[in-house]
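Quick caveat: nothing in here was measured; it's all calculated off a predicted structure. Each chain gets a letter, A, B and so on, in the order its sequence line appears, and its residues count up from 1. These numbers come from the heavy atoms of this one structure, side chains and all, not from hydrogens, waters or symmetry mates.
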2 protein chains.
Amino acid sequence: MARIKSTENNSKREVIIKEASKLFKEKGFTATSMRDLAERVGVEAPSLYNHIQSKSELLKIICSNVGEKFAVKIAEVEQIEMPAIEKVEKLLRFHIQEMINYYEEEYVSGREWRYLKDPYLSEYREQRRNYRKRFTAIIQEGIDQKEIKKLDANTAVLILLNAITSIDQWHRIVHKVSSKELEENIVTILIEGLRNN
Amino acid sequence: MARIKSTENNSKREVIIKEASKLFKEKGFTATSMRDLAERVGVEAPSLYNHIQSKSELLKIICSNVGEKFAVKIAEVEQIEMPAIEKVEKLLRFHIQEMINYYEEEYVSGREWRYLKDPYLSEYREQRRNYRKRFTAIIQEGIDQKEIKKLDANTAVLILLNAITSIDQWHRIVHKVSSKELEENIVTILIEGLRNN
DNA sequence: TCAAAAAACTAACAGCCGTTAGTTTTAATA
DNA sequence: TATTAAAACTAACGGCTGTTAGTTTTTTGA
């Protein structure tokens, strides 16, 4: 009979995933070895395989957790009735908060996803495409409503997303300015850049 | 007696560096093997070592070429007498042009530099710090002159630089919109975001 | 307390890595 | 054309990779 997994088991798995996120962020996915990871967890490398299937699975878990969150968020924002520019602002603030609170996971899912293996690679690519497409539609709506400057919506989305998600010095800024101030700074630059005055 | 290196020799070395840039961009530095590179160049792996010293040296060359360009450019911009916001615009346009014309090298130097080995790693880090510092000073000048909104200059610099240099889909946008239009879109969003109206 | 399951361990695998040594072929120079 | 340097080749190295097999230890549940 299959036993219910104990909380100890679950939390160990989570420790591994958390530690993998940190290492993948620090050294990059390819440059991180299972022996590196094992050392951080305090165990020999083969023991990891009692909790996970493969190195690749770790990346997959990290990426799909993040992907799922953004899929949920954009669906939520789409349904609210508000000006497009405010929807954009809502999404930006969400991105910033996620970066502040789940920095390693966000960073890894943003920059190391290309080391996913098929079929997960294709899935993740599709998920990203889908997210960008829906974000682009919101921006286009804002342009049509003259809330947002006339510009190429695709370009705008790439600029916005990359401006936030690919900063590898969050810790440095967050130490210097408060996270609230940081959020306001970013939103100011990017939203005022879009807004049609 | 040392012979003068033939142009054939020089161009071969350049071919290797160019091909390395493409591969490091495509697969990442760590995931690229010397055998991969050799295959692209049309040669066996050990033959590469007649032209270069190590894999690491390739990354160093790519990064320091890019770094040098930006060091020269910011020194040039600093010496021109013009409003700070226009200096920022000049730098942004330069970044965009470099991304359009030397995409692989820019991408690699922006995202793979962390795999440099000391002492090059420290050098490069210092060079980046220096560049950001001088860029920050220009933005601070703009804030003091009330050309630029009151915000944290450090944050602003990170946002600006990352917005442009970490886009991994340049080819996709450049195919859709002309490079001139692309430049104007980006400058519009980012400069209007900074400008104090 | 005893049986069973979970999770740790050691040993080892096949394969790839960057690179060197030594040799042969190609190309340039006198 | 003969000499010499440059650049290609093959073979091989020590080391690291993710992972499996098999075994021992620890923890769990009755």
**Prompt:** Roughly how many Å is it from OH in A:Y115 to C1' in D:dG18, rounded to a whole number?
**Reply:** 17 Å
**Prompt:** Which part of the nucleic acid does B:S54 contact within heavy-atom distance under 4.0 Å: base, sugar-phosphate only, or nothing?
**Reply:** sugar-phosphate
**Prompt:** So, is A:H51 near the phosphate of C:dA8, with a side-chain N or O under 4.0 Å from OP1 or OP2?
**Reply:** yes
**Item:** Whole-Å gap separating C1' (C:dA7) and CD (A:E44)
**Value:** 13 Å
**Request:** Look at all strands and tell whether A:T32 reaches a base, only sugar-phosphate, or nothing, counting heavy atoms closer than 4.0 Å.
**Result:** sugar-phosphate
**Request:** Report yes or no: does A:N185 contribute a side-chain atom to a donor-acceptor pair with the main-chain N or O of B:T155 at less than 3.5 Å?
**Result:** no
**Request:** Ignoring backbone atoms, test whether B:K12 places a side-chain nitrogen or oxygen under 4.0 Å from the OP1 or OP2 oxygen of D:dA8.
**Result:** yes
**Item:** Nearest-Å distance for atom pair OH/P, residues B:Y49 and D:dC13
**Value:** 18 Å
**Request:** Check every atom of C:dT20, C:dG18, D:dG18 against the side chain of B:M34 and return the nucleotide holding the closest atom.
**Result:** C:dG18
**Item:** Backbone of A:A71 reached by a side-chain donor or acceptor of A:R134 within 3.5 Å
**Value:** no
**Prompt:** Between D:dT19 atom C1' and A:I52 atom CD1, what is the distance in whole Å?
**Reply:** 10 Å
**Prompt:** Can a side chain N or O of A:S47 be found less than 4.0 Å away from OP1 or OP2 on C:dA7?
**Reply:** no
**Prompt:** Could you state the CZ-P distance from A:R35 to D:dG15, rounded to the nearest angstrom?
**Reply:** 14 Å
**Prompt:** Heavy atoms under 4.0 Å, any strand shown: does A:S33 hit a base, just sugar-phosphate, or nothing?
**Reply:** sugar-phosphate
**Message:** Both A:A31 and A:P46 contact DNA chain D. Which one's nearest nucleotide lies toward the 5' end?
**Reply:** A:A31
**Prompt:** Can a salt bridge be assigned to the pair B:K149 and A:E192 using a cut-off of 4.0 Å between side-chain N and carboxylate O?
**Reply:** no
**Item:** Integer-rounded Å distance: D:dG18 P and A:L59 CG
**Value:** 13 Å
**Message:** Less than 4.5 Å apart, side chain to side chain, heavy atoms only: is that true for A:Y120 and A:E57?
**Reply:** no
**Message:** Could you tell me how far apart A:L58 (CG) and D:dT17 (C1') are, to the nearest whole angstrom?
**Reply:** 15 Å
**Message:** Under a 3.5 Å distance rule, please check whether A:D36 uses its side chain to pair with a backbone N or O of A:S33 as donor and acceptor.
**Reply:** yes
**Prompt:** Is a donor-acceptor contact shorter than 3.5 angstrom present between the side chain of A:N50 and the base of C:dA8?
**Reply:** yes
**Item:** Whole-Å distance separating the CG atom of A:L23 from the P atom of D:dT17
**Value:** 12 Å
**Message:** OP1 or OP2 of C:dC17 versus the side-chain N and O atoms of B:K55: is any pair under 4.0 Å?
**Reply:** no
